[in-house]
Structure formats: C-alpha cells, structure tokens
Amino acid sequence: MKTKLTGFVALLCCCWQNTPAQTNTGSFIKDCTTTAAYSIHQPDIFSLLANPAALAQLPGSSAGIAGGRKFMLNSLAEYQLVAGMKTSTGNFATALYYAGGPAYNESQIALSYGRSLGTKADIGLTLQYNSVHVADGYGNASYLSAEAGCIFHLTSVLNTGISMSRPAGSKWGKDKSESTPSVYTVGIGYEVSRQFLITVSVQKEEKQPVRVNASLQYKPVPVLQIRAGINALTHSGWAGAGWSRGSMQFYVYSIFHPQLGITPLMALSFQFKKKGK
Amino acid sequence: MKQVIIGVVCMIQTGVICAQEIPAETEQQIESLLSQSENGTEDDQIIQGLEKYKRSPLNINIADASALRTLQVITDLQIDNLIAYRHLLGMLTSIYELQAVPSWDLYTIQRIRPFISVSISLPIRQEMESRFRKGEHMVLFKISQVLEKASGYRKDSTNAGYLGSPQQVVFRYRYQYKDLLQWGITGDKDAGESFLKGAQRMGFDFYSAHLFIRKAGPFSAIALGDYTVSLGQGLIQWQGMAFKKSAEITAIKRQSSVLRPYNSTGEFYFSRGAGFSLQAGKYECTTFFSFRKLNANRTLDSTENYSGISSLLSSGYNRTFREAADRHTVSQTMYGLAISRNTSRLKIGLNGIMYQYSLPFSEKEEPYQLYTIRGKKWFNASMDYSYTFRNIHLFGELAAAMNRSVAMVNGLLISVDPKADIAILHRRIGEKYQAVYGNAFTENTNPNNENGLFAGISLRPAAGWKLDAYTDLFRFPWLKYRVNGPSGGADYFVQVTRTPNKQVELYTRFSVQIKERNEMMMGTSLAAPEKIRVYNWLMHMNYQVNQALGIRTRVETKRFQKKYGEPEHGFLAFFDLRYKPLMTWYSAVIRLQYFETESYDARIYAYENDVLYSYSIPANSGRGYRYYVLLNADLNRSLSCWLRFSQSIFPEQHILGTQLDAIKGSNKSEINLQFLLKI
C-alpha cells in the first residue's frame, strides 16, 4: 500500500513539476535557492543553478549544500552540492545533484564557467553529465547536456538574463528513444535596495506550459534574510528564512502545495575569505 | 526663458529609438495591425516616408499640417499646437524648443527627433530650381526566394502549378526632392509568376509609375500616374496604410494628405490616373480620376458568359493558369471631389467618390453577405471635421453610401496634462454601409456593421515610466464571416513601459480580447456564435549595450479559450543581437527564436527586421525554431546592399504549408538580397 501511495504521489509530483521525472528542471532546491540570480549586490553560490552567467558575480570562492524531501517522502529526496572558485580569468564551479530513492533516482555532475564582459554583461556555460537509475530491470542510462546563459546589467539595480538548457534536446536511453527537453528561461531582477530584491522568471520547457516564478528577498537586519516566492503554474508558494554568521549562511525553507502538502528544505553556504583580509 | 528650456531639453535622450531603423512604437503598430487583420501587406509607404525624412529631415519651421501628418508620428492636436505656436512666436530657433509647444512632451520629441530639422526656409524661386537639381535618384533591386521547392513548382501533366520561377523580384526607381517633387517607376514579380512570358509578356507582373508635385503655384498637390486617395477618417476611402488599435493610444485619428504618391508593390490599394489639389486661402479643393484594370472572380450566367463580379482580388497574385485567368478582367473607373476649409483650429471637409465597374457585383448567397455592394456603380459621400480648442482636439466623419446607409466616427483627443493624454473614439456604422476602399478605426477590417466605443489613456507618471491602457467595446448588429448572428466583444489592453536610461527600454503588456465565433452546438450539427477569449502577455526589452551592440529579447504567451474544449496555449521567445559600430560601413542583426503553439488560433506574431523598406511579421504556429541573419554593407557612398537569410525549423513536421506551397521536409528557408543605389 505504501509503495502504491508513494507511486501515486510521485505521479502527482510529475504533474506538479510539469516535467518528465527524469529532468531536474523542476527542482525545488533550484526554485528556492536561486532568488539572487539576477542581482549584482546579493549573489550567492546557488544562483548559478538558475543561470550559469550568475557565477560571474560570485563575490569570492564559495560552497553550498542543500537538501530536502518533497512532500516529506523519502523517495522524493533531493540534494545539491555546489562549490565555486573565483579566478582572474573568470569563475569556475562544480555542482553535484541527486534526486530520488533506491527505486528511481537521477544524478548530475556539472562544471560551470562564468565571466563578466565588462560592467554590462555576464556570460556562463554549464556542462552536465546526467545519469538515471531505475531498479527492476532498466538499469542505468546517462547523457551529456549543456546550459548557456547571459545576464545583462541594465542599470545598477535592474538585471535581466536568459538561459538555454539543452537547446537541441538530449537523446538518451538504451535505444536513444528517450529525450530530455530544451528549457528556455528569461528572468529579471529589481534590487529596490541593498536589502530588498524582487525577481521574476519565465521558464518554458518544450511541450509543457509556461512556468512563471516570482520571488522576493528581504534582509530586515544584517543577520536575517527572508525569502518567499510563488509558482504561478502550480499555485504553490514557498517561504524561507536565513541566518548569517560571519561568512556562513544557513537557510530553512518550506514549500506549500495546496493538495500535496509541505516540502521542507535546508541549505547551508559558506564563503571563503580572501587572503589578507 | 526660451534659452532655459533649450538648455534643459538639450539633455533629451534619444538612445534606444535612434538606434533602430524605425521607431519601436511604429514596429508595435505594424505588428498590432497585422495580428488584427490577419492579412499581410506590401504597403511600405510608411517606412519609405520615415526613411525619406531620416535622410532629408522635415523642416518644421515651414512644414504645413499636411506635411507634418505624413510623419505619422504626431497627433493632429500636436500639429495644430505647433502651427499655432509658430504663428504666435515665430520660427523655432532649435529643435529643443519643441518642448515649449503645448501638448509636446519629451516622449514625442524623442520619437520625432530623427525625422525633423529646424532651418530657415529658402525663397520659393530657389526651391523650384532645387527640385530638379538637388533631388536624389534611387534605384532599388531586390530578389528573394524560398529555397525549398514547393509542390507548385514541380511540373506535372495537370499544369495546375505555378507558371513562373520561385523568385520574387522588385525593381524601383525614384527621384525625390524633399516632399516637393517625386517621380518613379516600380516593377514587381511575385514568386511563382512568369517573367517575359505567359500573362506577363511585358516583363514584371505589376508596374507602377508616378509623378507627384507639391506646392506648385496654386496647386498644393499634383498627382499623375499611381497615387493614393485618403479622405476624412477612412469611412469612404483610405488607400494608404493606417493603424488600428495599438499601444499608441493617441494614434486613433486617421491623418494624411488627400493625395499621396504611390510606389509600393501592393497591387490593389491605390488609384491610377490624375489628381489635383488646389489651394486658395483657407479653401482646398481636390479632384481625382482613376481608371484601372482589376483582378476579379467572376460569375457565369446560363449562356456561359461572365455576368458579374463575385469578388475583387486584392492579393495581386497571378501565378497559376487559374489566377492568370482572373487577371485584369474588370475595369474600375473612380472619380471624386474633396473640398475643405482649413483654419489653424477648424477643418471642415466635404467628400464624394464614385466608382464604376465594367461588370456588376453579383448577389451573394451567404446571409452575412446580404448587404455587400451590388450593381455596376457605387457612390459614397461624407463630411469630415476637426477642431482644436486649447488642449482638446475633436474630429470625426459622417458618411453615406449609395444604398442610403450611413456611418459615423467621432473622436476626441485630450492632453489633460503634460503627463496624461486621453483618447476616445465612437463609431456607429450600419450593417448596410459599404465602401470599396474604406479603412476606418474599427475592429472589422472594413468599416461596416459595427458600433463601438474606444477609450484609452496614456500616462507618464514619472521620468522613465509610461502606462498605456485602453478598452474597446463593440457590437456587430449583423452576421459576419464565421459568425452566424449578431455578436459583440471587447478588447482590454494595458502596457507599462520603463525607460530607466537612454540605453534600456522595457515593457510588459497584458491584453484580453473577447469576440464571438461560430462553434458547433453540443449534440447538434448547428453552428452558433460563442464567445472566445484570447489572453496575451508579453515582456519585451531593448538594450543598447554599447555604441555598437544592441540586444532585444521578448517572451510572449497566449491563451486561446473557446467556450467548449480545452484552452489552447502559445509561447514565443526570441533573442536579437544587433551589431552596428559607429562610422562603419557594415551592420548585422541576428535573431534566435523558439515558439510553441497548440493550435493555429494560438499563433503569435513577431516583428522581424528585413532589408530596407521591408519587414516581416510571420505568424508563428506549431512547435519550432526560427532564426535569421541580416547583413548590411554600405559599399560606397552611393551603393548599399542587404542580405538576409531566415529559416524556420519544425522538428515534428514533415510537410510544411498546404496545396501548391507545400514543402517536403521540416525546414523552410528564405533568402533576400537587395541593392540600393542613391545618386
């Protein structure tokens, strides 16, 4: 019974995400942790998950880890590890992703590069190695994919960007009969002040309805940050609070879906201090 | 004070608008027009006009109302106020003084700036000599072709395919001195039409020639050859291109000179003959005569002779035996008279126009066609007016047709504040009313069978912010094509534009359109009008990254909702790169586009740059990718060339198009090459 229930909820999750189960475009970690992607003053290491060009604005070498369980189900757990390094020729990052459980899971290893083109534009590229594991006969399948993005700094407080993930699609599987769709994202961020950021992104995945995500980020006091957002497609909302101490930030989020319930999520990020400071 | 104003306005930013070939607002208007009418147009008069003024700016110190209207960028209220200002304070000393003119705001000046100048006028005698010596000769040659072979070009035994080659060829020669003297010739061969054989033994399928003179003695205009006639508010005649509902809220008034030269490649909306406008003080009298052979579908009588016209064909295509058989089969004689009295504030005009055909229009079978034009003759008459009082501009037209039906349009433009404009337009057009070349501000393509009220507001609440909104409520008292009963609908539109600096323009738009269309009634085979709702949301950005590089990106979604069945969705996103370094001889535009629509009803239109004087607004439907590359090179001071390659890729389709235009495969590619010589 429990297996059936889990299967049913997994099916609903696919509907909620409106993506095939084997893609991480509907990752709830990405939804919550990337609110600062279209920002100059408040970027963090997770921003590159929304647009690889956001890596260019990384203030220093950083690392982050996030994890949660969708609708409190073990078989729908999701984990993300990201680490980025700032260099004089651009910023590099690597990311590891895992979602699912023993019966079905997908994982990804990604390498990203982002750099600024002057003060007005940033570009970025991510190369991904994806693998899918299905128990009971199917086994493993893997494929390569790429995501490219750019962010334009229209003014000191207004930033916009686009990204394309797998623009030509990705065929995979035993007989290459399965495919991962292309995803196009356009986002805009408005930094009302150093404490308050509003971001709206529009995401189109092939053959799926348009997803519109709106989020805000507010820092009422230096040690506390509040984040919240909505997904117009699924009518679900989320909220989270972050606590800063030194170069470490710890966040707790909760996503609420009217039918499927609560998804808890935690994230921890650390920014390494520059030498001599 | 004057100097202060000039000093302040010297800081006017022109960035985003000047970086484009035509104003972004005009692009939006053209886009809106085509998505509403669903018909393509070959009328490039507006772009030609703007390009002309970019090269030879209109001197606003001497331009009269008629010349200012040809810009199609400013309203009649602004024109009247400018002329009144000149009368009161004399000539403008600088273009920046325009901000001191009532109802002229920074936004308007930014838009008009590339097309106007302020200079001292030359004596009229010198002008007359200059007309023949100082004008510009222009020769244009354009060739374009769809690279994939359509089924119409495959030879078979039935000879039902296209008779000619797949190239479209345009040739145009024009001499022009400002807007005072112009002559030229145009030749056009559409794709599939023959050249120097078959029905086109004289070479091109379509030729057009014109001579147009303005301000010659008592004549304010003389038109010989091909020209357009535009009267009043378009209820009885408007042959030029005219915009309808768009983000330009105040562009609700039809404004143009009665006579204008014609040298586009469109083969229907123009007159051929002679027209004269005579000015005597405040009075202007225009008379015109036209005789043309038109393409028409004809009906046969019981003796197998052609007895009537079932429809006039406006496409101009003569590509197959069947189309060639309808070529130039009906003659049309048109003549008319327009008399107007113009003062700085008030204009009243009387217009009459008569049409005669070699064959009568046949009676139509469909109920919705009950009131269409019949017989060999048709007549329309109208009275039009406009009046400016302070910041209020009233205008309208009352028209009648030969079948004793009437129509009227009345509008109001108010500049309630330097930061706010209001536009209201009411129309009441009877179901019996018909006009051959009518083109008024209506929801329908032609002005008939429509009552409606349009109300819009344009707000500029703070620097860099603009809000445009309108609502349009309309009723159609009689049946329409695909609407088996009286029907109605509404349009709601709001657009917010943000221009934070001279490099950036962002706008977002939301619109809802409610109309009725036949749907099959549940459980029956009867079709009855049911409401359809179309929701549209768009985000657009223009960004001039530096002096050489500009980007443009758009995301648009659409939801088409019928009463029965699931809603159909559409999505389109594009990304443009425009590279044009200053003082260099080359430029390039590249677009990458993705679109996905669930049906043709959910199709989305997007404006595309094309070779000079051309534009492309394809209807994107299905799922696919589209890209184009446009290269421009100014080879020397006289010779320029353009090359454009575009391709649409539909991964899931194996046949594109239908009937003779059907292409095997998933790709459709088109190449355009254009040369322009200016001496």
Side-chain angles (χ1 to χ4, degrees), chain A residues 18 38 40 51 53 116-123 148-171 179-192 198-214 232-233, chain B residues 15-16 464 498-508 510 535-559 566-577 592-598 602 604 622-625 627 649-652:
Chain A
N18 281 284
Y38 303 99
I40 296 176
N51 188 324
S116 288
L117 301 176
T119 56
K120 294 182 173 177
D122 302 328
I123 55 167
C150 53
I151 293 178
F152 300 98
H153 309 296
L154 306 178
T155 69
S156 59
V157 295
L158 197 60
N159 306 282
T160 185
I162 61 170
S163 67
M164 284 186 290
S165 185
R166 300 175 294 270
S170 289
K171 298 277 185 190
S179 66
T180 306
S182 307
V183 181
Y184 307 89
T185 308
V186 176
I188 187 163
Y190 176 45
E191 291 181 271
V192 182
I198 301 170
T199 302
V200 177
S201 70
V202 179
Q203 191 176 71
K204 176 69 177 118
E205 182 177 323
E206 277 183 299
K207 301 179 188 176
Q208 298 296 332
V210 175
R211 286 164 58 108
V212 180
N213 295 301
L233 179 65
Chain B
V16 174
R498 172 79 175 120
T499 316
N501 56 41
K502 63 181 179 181
Q503 283 88 30
V504 179
E505 183 189 62
L506 295 156
Y507 63 80
T508 184
F510 180 70
Y535 301 88
N536 198 291
W537 178 53
L538 176 154
M539 281 200 310
H540 185 103
M541 179 190 73
N542 287 327
Y543 178 37
Q544 195 65 34
V545 180
N546 55 38
Q547 289 187 327
L549 184 68
I551 63 163
R552 177 162 62 173
T553 182
R554 175 183 289 188
V555 176
E556 183 168 1
T557 64
K558 190 171 183 177
R559 178 188 165 106
E566 291 294 311
E568 296 154 4
H569 297 91
F571 172 86
L572 179 145
F574 68 68
F575 177 72
D576 284 2
L577 272 178
L592 305 172
Q593 178 174 295
Y594 174 75
F595 56 92
E596 185 181 312
T597 71
E598 291 174 352
I604 297 177
R623 190 179 79 80
Y625 309 90
Y627 67 89
I649 303 163
F650 299 86
E652 288 146 8

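In the text below, chain A, chain B and the rest are named by the order of the sequence lines, each starting its count at 1.
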Rounded to the nearest 0.5 Å, how far apart are [atom1] of [X] and [atom2] of [Y]?
| X | Y | atom1 | atom2 | answer |
| --- | --- | --- | --- | --- |
| B:Ile551 | A:Leu154 | CD1 | CG | 7.0 Å |
| A:Ile188 | B:Leu506 | CD1 | CG | 5.0 Å |
| B:Phe571 | A:Glu205 | CZ | CD | 11.5 Å |
| B:Leu592 | A:Tyr184 | CG | OH | 9.5 Å |
| B:His569 | A:Gln208 | NE2 | CD | 12.0 Å |

B:Glu652 atom CD, neighbour heavy-atom count above 12 within 6.0 Å: yes
Under a 4.5 Å heavy-atom cut-off, does chain B meet the side chain of A:Leu158, its backbone, both or neither? side chain
What part of B:Val555 lies closer than 4.5 angstrom to a heavy atom of chain A: side chain, backbone, both or neither? side chain
Excluding sequence neighbours, so at least two apart, what forms side chain to side chain contact (heavy atoms under 4.5 Å, CB included) with B:Thr553? A:Ile162, B:Met541, B:Phe575
Sequence-distant partners of A:Glu206, side chain to side chain contact (heavy atoms under 4.5 Å, CB included), two or more places apart: A:Pro181, A:Ser182, B:Tyr594, B:Glu596, B:Arg623, B:Tyr625
Heavy-atom check, side chain of B:Trp537 versus side chain of A:Val212, under 4.5 Å: yes
In terms of heavy-atom contacts, B:Met539 and A:Val202 come closest through CE-CG2, 3.7 Å
